[in-house]
Amino acid sequence: MLELHYLRDHKKEAIDALSKRKIDATELINTILELDEKRRSNQTELDAILAESNNISKSIGLLYKEGKRDEANLLKEKTSVLKSKSKDLDHLQQEIKDNLQQALWAVPNVPNEKVRAGNSEAENEEVKIVGEKPNLGENNKAHWDLADQYDLIDFELGVKISGAGFPVYKGKGARLQRAMINFFLDENCKAGYKEYQPPHFVNEESGYGTGQLPDKEGQMYHMQDDNLYAIPTAEVPVTNFFRDEIVKLEDLPIQCTAYTPCFRREAGSYGKDVRGLNRLHQFDKVEIVNVAHPDKSYDLLAQMVKHIEGLLEKLGLHYRILRLCGGDMGFTAAITYDFEVWSAAQERWLEVSSVSNFETYQSNRLKLRYRGEDNKTHLCHTLNGSSLALPRVLAALLENNQMEDGIRIPEVLIPYTGFDKI
RNA sequence: GGAGAGGUGUCCGAGUGGCUUAAGGAGCACGCUUGGAAAGCGUGUGUGCGGGCAACCGCACCGAGGGUUCGAAUCCCUCUCUCUCCGCCA
């Protein structure tokens, strides 16, 4: 949620920047500013009436004490008028605030100056590419065939007990999953992140805090009886740790990492995109979340990018980094870098990480602030990234490392798997 | 699931309709005191919104939302969360 004072002072700038998302926010922002104008004048009026009413009430108390009943009753009549007036204004104010809230929720975050205008993923900018496409030779197989051949993943069994998109990992496949989770967590901890195990279900407020609600309602699994949502990413519970908190300046940046399964309904996906491990309803991911001082958040973003590059390099994967264009960026992000690995048998890039700076967009909703040198409260910046999402890393590892007589395990994972080949 | 007790500021904790402008204590900050420290003394110490160049002023907030009243932390209703006991249970 954008800050009102920002929209007041930088209206044109905001509209220009938002146009990079290929939306015209002019009307919406005008509505917001009008509502804000109304809200403020109404507030002033309401406060004045309440102040007068408070004073009269105090006088009535005193008059009763002195036994001046008649005078007190006279004043009572006066307040009844004020009361009905204040009630009307109060209702109006509530209505204005609700409308203002709705309108503010409808405006996505303002893209950073580096973000290029664009409609879709076709216009994303490739900012870096590392490594080379492995040469697999004639008889290479896609990961779903390899998974079958080496008895690593049972998609059919998942369908039987849950449905499509819920694979069952087994044997060395399960072990490799566990190895990657541990490896990623260990690397994140070494880089200064503190490890957490958050709940996998969150309440409604948490959904609003990070921006999944109200607009992405249908993308989450919802347990109606208890009104809880299955987390689509650890970002949701972990970032919400800090909801309604005022953190200490010296504690920044706060760096968290967590492994969780992620649950996504993925309504509307189809075709080759969903084959094998490419898109799942349940998958494992290790996430990093940063709460930062506004002046430091872009340095941190650079560090996060560097850190994730390190992971991919250690795994020996051919990868590239994209800076998303306005139209492909998530609603709440100011800037996003996607990491894609080359899946050699499918001959396509697979997204394995998405790193974003949300600036104050999330913290404004969360009411996540720090106390500055000036002793006042200011909104923090929040950032997060996957480090990493497992299924597509697994897909790429299986495909890229396949050999005549098995699949090679990257050196860094061997201490975790206990085997060097599948 | 059943029964009971609770939710007050950064924390502890008093407060059953108006001298509450939320007592008192702790913590924290600053000052005094001291050779230095502790103790002691003094002062300050929440959040949000509105107004103002500012000092400052006003309004709201005692789990949440309604209600009664001229006036609610206090009375009434609904919801919610926590704790204790019982039941069930990895």
Side-chain angles (χ1 to χ4, degrees), chain A residues 1-9 32-105 197-209 213 223-229 237 240-252 254 261 360 362-380:
Chain A
M1 185 165 74
L2 293 172
E3 294 172 81
L4 268 173
H5 71 83
Y6 167 79
L7 288 174
R8 261 183 234 145
D9 300 340
I32 287 168
L33 294 178
E34 278 165 32
L35 284 168
D36 181 45
E37 205 51 53
K38 267 193 218 165
R39 178 187 63 92
R40 289 193 290 164
S41 65
N42 207 53
Q43 185 73 53
T44 307
E45 200 178 336
L46 178 60
D47 283 356
I49 289 171
L50 288 175
E52 192 181 348
S53 184
N54 284 343
N55 281 329
I56 292 174
S57 287
K58 266 177 212 160
S59 311
I60 291 173
L62 290 173
L63 288 172
Y64 268 120
K65 219 151 244 164
E66 294 166 20
K68 298 175 180 168
R69 282 192 161 269
D70 293 345
E71 284 182 50
N73 285 334
L74 219 68
L75 284 178
K76 275 194 196 180
E77 283 172 31
K78 206 170 163 189
T79 51
S80 75
V81 180
L82 290 176
K83 197 182 172 184
S84 74
K85 224 194 254 181
S86 74
K87 225 169 200 175
D88 289 347
L89 283 176
D90 194 47
H91 285 142
L92 180 63
Q93 188 69 345
Q94 201 49 56
E95 200 184 311
I96 294 168
K97 280 185 176 171
D98 287 348
N99 291 338
L100 185 57
Q101 180 77 96
Q102 294 294 327
L104 277 170
W105 274 337
Q197 287 196 5
H200 298 169
F201 299 156
V202 294
N203 57 27
E204 213 175 357
E205 279 174 292
S206 297
Y208 279 97
L213 297 174
M223 277 139 285
Q224 273 185 327
D225 284 350
D226 300 293
N227 197 23
L228 292 171
Y229 293 86
N240 272 282
F241 289 167
F242 307 101
R243 172 153 46 86
D244 294 319
E245 295 291 328
I246 300 172
V247 299
K248 291 188 189 140
L249 184 61
E250 62 264 32
D251 290 342
L252 296 177
I254 302 173
T360 59
Q362 283 184 331
S363 60
N364 192 26
R365 283 195 182 193
L366 290 162
K367 307 251 174 300
L368 163 53
R369 294 149 293 168
Y370 68 94
R371 196 171 295 286
E373 306 264 358
D374 56 2
N375 220 29
K376 289 182 182 157
T377 59
H378 307 274
L379 292 173
C380 299

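Residue numbers start from 1 in every chain, and the chains themselves are labelled A, B, ... in the order their sequence lines are given, proteins ahead of strands.
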Can you measure from CG (A/N364) to CE (A/M1) and round to the nearest 0.5 angstrom? 4.0 Å

Tell me which nucleotide, if any, is Watson-Crick or G-U wobble paired with [N] when both distances must be under 3.5 Å.
{"N": "B/A90", "value": "none"}
{"N": "B/A54", "value": "none"}
{"N": "B/G31", "value": "B/C41"}
{"N": "B/U78", "value": "B/A64"}
{"N": "B/A14", "value": "none"}
{"N": "B/C59", "value": "B/G48"}
{"N": "B/G9", "value": "none"}
{"N": "B/A73", "value": "none"}

Looking across every strand, which nucleic acid part, if any, lies under 4.0 Å from A/T377 by heavy atom: base, sugar-phosphate, or nothing? sugar-phosphate

At 4.0 Å (heavy atoms only), tell me whether A/S57 reaches a base, stays on the sugar-phosphate, or touches nothing. base

How close or far is atom [atom2] of [N] from atom [atom1] of [X], stated in whole angstroms?
{"X": "A/L35", "N": "B/G50", "atom1": "CG", "atom2": "P", "result": "14 Å"}
{"X": "A/K76", "N": "B/U68", "atom1": "NZ", "atom2": "C1'", "result": "13 Å"}
{"X": "A/K248", "N": "B/A29", "atom1": "NZ", "atom2": "C1'", "result": "14 Å"}
{"X": "A/D244", "N": "B/U10", "atom1": "CG", "atom2": "P", "result": "12 Å"}
{"X": "A/E37", "N": "B/G51", "atom1": "CD", "atom2": "C1'", "result": "13 Å"}
{"X": "A/L82", "N": "B/U69", "atom1": "CG", "atom2": "P", "result": "16 Å"}
{"X": "A/K78", "N": "B/G71", "atom1": "NZ", "atom2": "C1'", "result": "16 Å"}
{"X": "A/L50", "N": "B/C57", "atom1": "CG", "atom2": "C1'", "result": "15 Å"}

Exercise: do [X] and [Y] side chains pair donor with acceptor under 3.5 Å:
{"X": "A/Q93", "Y": "A/N42", "result": "yes"}
{"X": "A/S57", "Y": "A/N54", "result": "no"}
{"X": "A/D47", "Y": "A/Q43", "result": "yes"}

Checking A/Y6 against A/T360 for the side chain to side chain contact (heavy atoms under 4.5 Å, CB included) test, could you report, in this order, the C-alpha distance in whole Å, the side-chain angles of both residues, the deciding distance, and whether it holds? CA-CA 11 Å; A/Y6 167 79; A/T360 59; over 6 Å; no

For [N] and [X] - does any side-chain N or O of the residue sit under 4.0 Å from the phosphate oxygens OP1/OP2?
{"X": "A/R39", "N": "B/C49", "result": "no"}
{"X": "A/R371", "N": "B/A29", "result": "no"}
{"X": "A/N54", "N": "B/C59", "result": "yes"}
{"X": "A/R369", "N": "B/G48", "result": "yes"}
{"X": "A/N203", "N": "B/C81", "result": "no"}

Rounded [atom1] spacing from [N] to [M] in Å:
{"N": "B/U82", "M": "B/U8", "atom1": "C1'", "value": "15 Å"}
{"N": "B/C59", "M": "B/A3", "atom1": "P", "value": "44 Å"}
{"N": "B/G13", "M": "B/C19", "atom1": "P", "value": "25 Å"}
{"N": "B/G66", "M": "B/C53", "atom1": "P", "value": "34 Å"}
{"N": "B/G6", "M": "B/C62", "atom1": "C1'", "value": "14 Å"}
{"N": "B/C70", "M": "B/G17", "atom1": "C1'", "value": "12 Å"}
{"N": "B/C75", "M": "B/A5", "atom1": "P", "value": "14 Å"}
{"N": "B/C81", "M": "B/A64", "atom1": "C1'", "value": "10 Å"}

Of the options B/C59, B/G51, B/U47, whose atoms approach the side-chain atoms of A/R40 most closely? B/G51

Looking only at side-chain atoms of A/K87, point me to the closest of B/G50, B/U68, B/U47. B/U68

Verify side chain to side chain contact (heavy atoms under 4.5 Å, CB included) between A/L379 and A/L366, making sure each step is shown before the conclusion. CA-CA 9 Å; A/L379 292 173; A/L366 290 162; over 6 Å; no

Would you kindly compare A/K367 and A/I60 by the position of their nearest RNA chain B nucleotide and give the one closer to the 5′ end? A/K367

Nearest-nucleotide comparison on RNA chain B, the residue closer to the 5′ end among A/E52 and A/T79: A/E52

Tell me whether A/R365 contacts the main-chain N or O of A/Y208 through its side chain, where contact means a donor paired with an acceptor under 3.5 Å. yes

So, for A/N240 and A/S206, which heavy atoms are closest and what is the spacing to 0.1 Å? ND2-O, 2.9 Å

